[in-house]
Trainee: 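Dropping the structure in here first, questions after.
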Amino acid sequence: MAGEPAGKGVRQLRAEDFERKTPIYCVWEITLACDLGCRHCGSRAGDVRPDELSTDECLEVVAQLADMGLREVTLIGGEAYLREDWDIIAREITRRGMACGITTGARNLTQERVDRAADAGVRTISVSIDGLEKTHDAQRGRKGSFRAAIEAAERVAASPIRLANNTQINRMSMPELPALAQILADIGSKAWQIQITVAMGRAADRPELLLQPYELLELFPMLVWIKKTILEPGGVGLYPGNNVGYFGPWEKYLRFGGDSGAHWNGCGAGTYTLGLEADGKIKGCPSLPSTAFTGGNIRDMKIADAVSNSEQINHIGQRGVDDLWGYCKECYYADICKAGCTWTSYCLLGRSGNNPYCIHRATEFEKMGLRETVVKVEAAPGKPFDNGRFEIVVEPFPDDDVPSISGFSMEDVLALNAQSLSAWPREEIAKFLRHR
């Protein structure tokens, strides 16, 4: 799920939240219109939805969220600023006492738009950057999008608004993460949210782009190194997304609050989080596929009623060990973890409750000399928030396997810097992004 904390403690769960068990955070797609063409976009954004909410309907949504006690709302798209009334919505969120953030690809986040966001009381703008220049531009589908994102981030950093960033971790971006972390520290970012690219939407069309589960064995220690060596000295907080987990030896270093004993406690979709689509659909998480997880529409019912009564929304919070399957059902952490991120497992396997993207699981398989790979067996239909289907294959860990970061030595990874255009030659980039 996208976004970073808009202010210290706003999204952090409090004692009363465990009693109330109602959403405190909403990610709201206010338009599907977009000025990029991201090759990993789960919603396949580009064109406006046929029947997006009017300004008055959006203001009614804000009132309902405030009445429910939400503390934070992040506006997304598509590209939120392509909707002309975006700052009217943001201003009302602020007026109603909720923290407002925006997540953006920032291709056209001009100074005028940054000023409008500041005037509306927006606390945080998170600019998406998915690697070094050529890597980012290729994934985002527009030449010049990296330069535009960096320049927009610098405008935000110079404004009253807190700059954050977010990055998709996949086979293209993984070896560039240390260099990217240094860039973010240098431009004044205060928070970096990372998430693993999920087999949804356009990413489901590009299986070569996706990490294999066993690559977490190299990713996690590198993330800890980045945090300790670059981010903490640079004043940048690291916020792993809900599909970066779970448990294992790195949990206390990477989980927010892990140094104080916090740990993954199951998918919060519909319990502590909420997702809204631009045409009024209500979901427990903004990333979840619309067909299977829409619990109502704000044109037909109150948001609070959907959260309380819709099985599509509240069943995730009620999931128990009996609902799990495969490795996750027998896992030591099954009753706490509950198979991690619902979005990741459902989009990958067509069914939640079993999630191979888990560092504990990868570590346990490694101990047995085995590893899991995912293989595409069914194509996605080509609609917003769709998914195909992959299968898990267990195979022996190759005897001649040499630890690497997407095939690069750590020495080569650390040689990349802000002046590097990409870790990858043009033909490799084309292979990763080929529609299959």
Side-chain angles (χ1 to χ4, degrees), residues 1-2 27 29 31-52 76-79 105 130 138-141 168 170-172 195-213 243 267 269-270 275-297 310-313 315-316 325-326 339 341-357 373-393 430-436:
M1 182 178 60
V27 178
E29 170 211 283
T31 182
L32 199 59
C34 192
D35 52 12
L36 291 169
C38 301
R39 303 302 188 240
H40 49 51
C41 180
S43 63
R44 300 182 187 268
D47 296 328
V48 66
R49 289 185 187 272
D51 193 18
E52 295 187 348
I76 64 168
E79 189 58 80
D130 289 335
Q139 290 191 75
R140 293 282 163 174
Q168 294 268 339
N170 49 51
R171 297 206 75 232
M172 284 183 70
Q195 68 179 31
I196 295 170
T197 298
V198 170
M200 183 184 195
R202 295 188 191 122
D205 302 334
R206 296 169 171 84
E208 295 293 330
L209 182 62
L210 305 176
L211 290 182
Q212 287 294 342
N243 70 354
C267 182
L276 301 176
E277 292 184 9
D279 56 2
K281 294 190 199 73
I282 308 166
K283 303 186 295 187
C285 166
S287 302
L288 289 168
S290 305
T291 301
F293 292 93
T294 295
N297 192 295
S310 169
E311 194 271 341
Q312 290 92 336
I313 293 176
H315 80 279
I316 295 172
W325 58 284
C341 175
T342 302
W343 167 47
T344 302
S345 57
Y346 186 92
C347 290
L348 188 72
L349 304 174
R351 176 186 172 192
S352 58
N354 186 25
N355 185 359
Y357 286 97
T373 62
V374 293
V375 179
K376 184 176 178 178
V377 295
E378 184 178 325
K383 298 179 180 180
F385 292 97
D386 63 349
N387 60 282
R389 188 169 61 84
F390 289 67
E391 287 184 349
I392 300 171
V393 176
K431 185 182 77 171
F432 285 130
L433 297 181
R434 190 174 299 133
H435 189 296
R436 296 180 186 272

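Note that the structure is a prediction, hence the values are computed from the model and not measured. The first residue in the sequence is number 1, and the count goes up from there.
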Trainee: What pairs with Lys431 under salt bridge (Lys or Arg N to Asp or Glu O under 4.0 Å), at least two apart in sequence or on another chain?
Mentor: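 With neighbours one apart ignored, the set is Glu428.
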Trainee: Could you tell me if the side chain of Leu349 sits less than 4.5 Å from the side chain of Asn354, heavy atoms only?
Mentor: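 Answer yes - side chains close enough.
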Trainee: In Å and rounded to the nearest 0.5 Å, what is the CD to OG1 distance from Glu391 to Thr373?
Mentor: 10.5 Å
Trainee: Please name the pair of heavy atoms, one in Ala45 and one in Cys34, separated by the smallest distance, quoted to 0.1 Å.
Mentor: CB-CB, 3.9 Å
Trainee: Mind checking side chain to side chain contact (heavy atoms under 4.5 Å, CB included) for Gln312 and listing every partner two or more places apart, or none if nothing turns up?
Mentor: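 Here the qualifying residues are Ser310.
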Trainee: Judged by atom type as modelled, is there a donor-acceptor pair below 3.5 Å linking the side chain of Lys376 to the main-chain atoms of Gly388?
Mentor: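 It does not hold such a pair.
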Trainee: Taking side chain to side chain contact (heavy atoms under 4.5 Å, CB included) as the test, write out the residues that go with Asn387, two or more places apart.
Mentor: Pro289, Tyr346, Cys347
Trainee: Please tell me if the side chains of Phe432 and Asn170 come closer than 4.5 Å, counting only heavy atoms from C-beta onward.
Mentor: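 No; the side chains remain at least 4.5 Å from each other.
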Trainee: Report, one line per pair, each donor and acceptor closer than 3.5 Å where one atom sits in a side chain of residues 278-285; sequence neighbours left out.
Mentor:
residue : atom : partner : partner atom : Å
Asp279  : OD1  : Lys281  : NZ           : 3.3
Asp279  : OD2  : Lys281  : NZ           : 2.7
Lys281  : NZ   : Glu277  : OE1          : 3.2
Lys283  : NZ   : Glu277  : OE2          : 2.7
Lys283  : NZ   : Pro286  : O            : 3.0
Lys283  : NZ   : Leu288  : O            : 2.6

Trainee: Does Arg202 have any side-chain hydrogen bond (donor to acceptor under 3.5 Å, both in side chains) partners at least two apart in sequence or in another chain, and if so, which?
Mentor: none
Trainee: Supply the atom-to-atom distance Glu208 CD to Met172 CE, rounded to the nearest 0.5 angstrom.
Mentor: 12.0 Å
Trainee: Can you sort out the partners of Phe390 under ring-ring contact (aromatic ring centres under 6.0 Å, His included), two or more places apart, ordered by chain and number?
Mentor: none
Trainee: How would you list, by chain and number, every residue that makes a side-chain hydrogen bond (donor to acceptor under 3.5 Å, both in side chains) with Glu52, sequence neighbours excluded?
Mentor: Thr31
Trainee: Is there a side-chain contact between Val374 and Pro356 (heavy atoms, below 4.5 Å)?
Mentor: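 When only atoms from C-beta onward are counted, Pro356 and Val374 do touch, with a gap below 4.5 Å.
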Trainee: Not counting sequence neighbours, which residues clear ring-ring contact (aromatic ring centres under 6.0 Å, His included) with Phe385? List them please.
Mentor: none
Trainee: Considering all heavy atoms of both residues, which atom of Ala339 and which atom of Asn355 are nearest to each other, and what is their separation?
Mentor: O-CB, 3.3 Å
Trainee: State which residues pass side-chain hydrogen bond (donor to acceptor under 3.5 Å, both in side chains) with Asp386; sequence neighbours excluded, sorted by chain then number.
Mentor: Arg44
Trainee: If you compare all heavy atoms of Leu36 against all heavy atoms of Gly105, which two are closest, and at what distance to 0.1 Å?
Mentor: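 Closest heavy-atom pair between Leu36 and Gly105: CD1-CA, 3.9 Å.
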Trainee: Evaluate the side-chain proximity of Leu209 to Leu433: yes if any heavy-atom separation is below 4.5 Å, no if none is.
Mentor: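 Yes; the side chains approach each other to less than 4.5 Å.
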Trainee: Can you tell me how far the CG atom of Asp205 sits from the SG atom of Cys41, to the nearest 0.5 Å?
Mentor: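 Rounded to the nearest 0.5 Å, the CG-SG separation comes out at 11.0 Å.
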Trainee: Run through Gln139, Arg140, Gln168 and flag the one making a side chain to side chain donor-acceptor pair (under 3.5 Å) with Asp130.
Mentor: Arg140
Trainee: Taking salt bridge (Lys or Arg N to Asp or Glu O under 4.0 Å) as the definition, give me every residue that meets it alongside Arg39, ordered by chain and number, with sequence neighbours left out.
Mentor: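 Arg39: no salt bridge (Lys or Arg N to Asp or Glu O under 4.0 Å) contacts found.
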Trainee: According to side-chain hydrogen bond (donor to acceptor under 3.5 Å, both in side chains), who are the partners of Arg389, at least two apart in sequence or on a separate chain?
Mentor: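 Arg389 satisfies side-chain hydrogen bond (donor to acceptor under 3.5 Å, both in side chains) with Glu378 once adjacent residues are dropped.
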Trainee: Flag the pair Asn243 / Tyr357 as yes when at least one side-chain heavy-atom distance between them is below 4.5 Å, and no otherwise.
Mentor: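 A side-chain contact under 4.5 Å is absent here.
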Trainee: Can you name the closest pair of heavy atoms from Ser345 and Gly353 and give their distance?
Mentor: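 Scanning both residues completely, I find the closest heavy atoms to be OG-N, 3.8 Å.
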Trainee: Flag the pair Leu210 / Thr197 as yes when at least one side-chain heavy-atom distance between them is below 4.5 Å, and no otherwise.
Mentor: yes
Trainee: Output all residues satisfying side chain to side chain contact (heavy atoms under 4.5 Å, CB included) with Thr291, sequence neighbours left out; order by chain, then residue number.
Mentor: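 Here no residue qualifies.
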